[in-house]
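Throughout, numbering of the chain's residues begins at 1 and tracks the sequence.
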Amino acid sequence: MQDLRFLTNADVAERLSYPQLIEALRIGLAGPCEAPVRGCHELPGNASLLTMPVWQPGQDIGVKLVTVFPGNGAKNLPAVAALFCLFDGETGRPLAMLEASEMTARRTACTSALAADYLVRRDARRLLVVGSGTLAPHMVRAHCSVREYEDVAVWGRHEDKVHALVKQLQDEGYPAHACIDLRGGVAAADCISCVTTSREPIVHGAWLRSGCHLDLVGAFLPSMRETDSEAVRRARIVVDTREGALEEAGDLLIPVSEGVIDESAIHCQLADLLSGRGARKDDSEITLFKSVGYALEDLIAARLLLAVN
């Protein structure tokens with residue numbers, strides 16, 4: 001155990017750049033792995049415990065443990081906490097343990113940005129982030145790594161958090177401002193990234209304009225959704241993994257249960273995009289990427305972290 005390494009969130013933030021991780025995901029997510037659908041256990045107070053194992057034969061093995069406590073925002077604490085353990089695939093020897101909240105946020109944002117690179121119009125100029133929690137600044141940084149957005153709007157339920165986030169992003173050089181009118185912000189945006197823990201629709205399909213891209217990240221349970229069924233009906237749907245989406249993605253499962261769409265409405269997976277299939281067809285198409293989390297993303301990020309250190 002003398003060689004076991006431990007990396008903190010600060011180590012991850014220092015070493016794991018968005019463009020570098022996006023390119024590692026572009027290569028790594030095109031390959032196969034064994035990644036059972038994550039275990040999800042509901043805890044009191046709408047909290048959740050998630051377990052996410054992943055391995056590739058003859059290569060490394062990883063498992064992530066995640067807690068999600070949506071009420072932490074009121075305590076000025078992050079909603080998500082996580083650890084990631086990396087093991088040698090040939091001997092089972094522990095290689096590293098990572099404080100994985102920062103890694104989770106970065107790989108989640110970079111996966112969305114990677115999908116957006118194939119699905120967002122090339123002339124896109126306006127980005128809207130719906131949500132002002134931990135993931136929101138990561139979404140701005142990652143999406144701005146694949147498109148040169150001239151306008152970055154942030155909407156959230158808590159005005160003080162939105163203004164603090166906007167100030168942080170402005171200090172980093174992003175053209176950020178607060179979105180006061182969500183409906184108007186959605187109607188004007190080229191890319192809308194939703195990162196909330198809402199259980200009710202926030203973004204409505206009637207608001208979407210032709211040619212926009214909808215990036216849905218926050219909802220991770222069948223009972224959670226950030227959009228209404230009309231938004232899903234109007235869009236061509238891409239998911240990180242079909243198996244995970246059909247198990248956990250309330251944004252899709254609820255419209256399926258209502259008979260608005262069926263499972264065949266899922267056009268393709270992210271791996272298909274990376275293999276040259278399923279990219280945006282034309283500038284009028286509404287596209288939707290639904291991410292529930294794929295354990296291979298963590299394994300790729302962890303390997304990259306150890307390689308660059």
If you group Ile, Leu, Val, Met, Phe, Trp and Tyr by side-chain heavy-atom gaps below 4.5 Å, do [X] and [Y] land in one group?
X: Leu25; Y: Leu306; result: yes
X: Leu21; Y: Leu274; result: yes
X: Leu86; Y: Leu29; result: yes

Which pair of heavy atoms, one from [X] and one from [Y], lies closest together, and at what distance?
X: Phe87; Y: Cys85; result: CE1-CB, 3.7 Å
X: Gly156; Y: Ser132; result: CA-OG, 4.3 Å
X: Met103; Y: Ala302; result: SD-N, 3.9 Å
X: Ile22; Y: Ser145; result: CD1-CB, 3.9 Å
X: Leu253; Y: Pro222; result: CD1-CB, 4.0 Å
X: Pro70; Y: Ala79; result: CA-CB, 4.4 Å

Is the side chain of [X] donor-acceptor paired with the backbone N or O of [Y] at a distance under 3.5 Å, no angle test?
X: Lys290; Y: Ala219; value: yes
X: Asn72; Y: Lys75; value: no
X: Glu285; Y: Arg280; value: no
X: Asp228; Y: His204; value: no
X: Ser101; Y: Ala82; value: yes

Do Arg15 and Leu7 pass the side-chain contact (heavy atoms from CB on, under 4.5 Å) test, and can you show the C-alpha distance, the side-chain angles, and the key distance before you say yes or no?
CA-CA 10 Å; Arg15 298 181 175 118; Leu7 298 178; 3.6 Å; yes

Any non-hydrogen side-chain atom of [X] less than 4.5 Å from a side-chain atom of [Y]?
X: Asp151; Y: Pro175; answer: no
X: Glu99; Y: Phe84; answer: no
X: Thr197; Y: Met224; answer: yes
X: Leu273; Y: Leu114; answer: no
X: Cys33; Y: Leu299; answer: no
X: Val238; Y: Leu119; answer: yes
X: Val80; Y: Thr134; answer: no
X: Ser48; Y: Phe69; answer: no

State the [atom1]-[atom2] distance between [X] and [Y], to the nearest 0.5 angstrom.
X: Met97; Y: Leu4; atom1: CE; atom2: CG; value: 6.5 Å
X: Arg242; Y: Leu270; atom1: CZ; atom2: CG; value: 13.0 Å
X: Leu83; Y: Thr104; atom1: CG; atom2: OG1; value: 9.5 Å
X: Ser193; Y: Phe289; atom1: OG; atom2: CZ; value: 10.5 Å
X: Thr241; Y: Glu247; atom1: OG1; atom2: CD; value: 10.0 Å
X: Cys110; Y: Gln20; atom1: SG; atom2: CD; value: 10.0 Å

Could I get the full list of salt bridge (Lys or Arg N to Asp or Glu O under 4.0 Å) partners for [X], not counting sequence neighbours?
X: Glu172; result: Arg141
X: Arg147; result: Asp117
X: Arg233; result: Glu230

Residues Glu258, Ser229; criterion side chain to side chain donor-acceptor pair (under 3.5 Å); working and verdict
CA-CA 8 Å; Glu258 294 173 347; Ser229 297; 2.5 Å; yes

So which residues get pulled into [X]'s cluster when ILVMFWY side chains under 4.5 Å apart are joined, directly or through others?
X: Val260; value: Leu128, Val130, Trp155, Leu182, Val186, Ile192, Ile202, Val203, Trp207, Leu208, Leu214, Leu216, Val232, Ile237, Val239, Leu246, Leu252, Val256, Ile261, Ile266, Ile286, Leu288
X: Val195; value: Val120, Leu127, Val129, Leu135, Met139, Val140, Tyr149, Val152, Val154, Val162, Leu165, Val166, Leu169, Tyr174, Val217
X: Ile180; value: none

Can you establish whether the number of heavy atoms outside [X] located under 6.0 Å from its atom [atom1] is more than 12?
X: Asp262; atom1: CG; value: yes
X: Glu159; atom1: CD; value: no
X: Glu263; atom1: CD; value: no

What residues form a side-chain hydrogen bond (donor to acceptor under 3.5 Å, both in side chains) with [X], not counting sequence neighbours?
X: Glu23; result: Arg26
X: Asp160; result: none
X: Asp272; result: Arg277

SB check [X] [Y] (cutoff 4.0 Å):
X: Glu150; Y: Arg126; answer: no
X: Asp251; Y: Arg225; answer: no
X: Asp181; Y: Arg183; answer: no

Go through the side-chain N and O atoms of Glu226 and Ser198 and say whether any donor and acceptor fall under 3.5 Å apart.
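The answer is no; no qualifying pair exists.
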
Could you list the donor-acceptor pairs under 3.5 angstrom formed between side-chain atoms of residues 51-63 and any protein atom two or more places apart in sequence or on another chain?
| residue | atom | partner | partner atom | Å |
| --- | --- | --- | --- | --- |
| Gln56 | OE1 | Arg303 | NH1 | 2.8 |
| Gln56 | OE1 | Arg303 | NH2 | 3.0 |
| Gln56 | NE2 | Pro32 | O | 2.7 |
| Gln59 | OE1 | Arg303 | NH2 | 3.3 |
| Asp60 | OD2 | Arg303 | NE | 3.4 |

Taking only residues at least two apart or on different chains, which pairs with a member in residues 198-217 satisfy salt bridge (charged side-chain N to carboxylate O under 4.0 Å, His left out)?
Asp190-Arg209

Can you pull out every salt bridge (charged side-chain N to carboxylate O under 4.0 Å, His left out) where at least one residue sits in residues 103-115? Sequence neighbours excluded, please.
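Every pair satisfying salt bridge (charged side-chain N to carboxylate O under 4.0 Å, His left out) with a residue in residues 103-115: Glu102-Arg106, Arg107-Glu297, Arg107-Asp298.
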
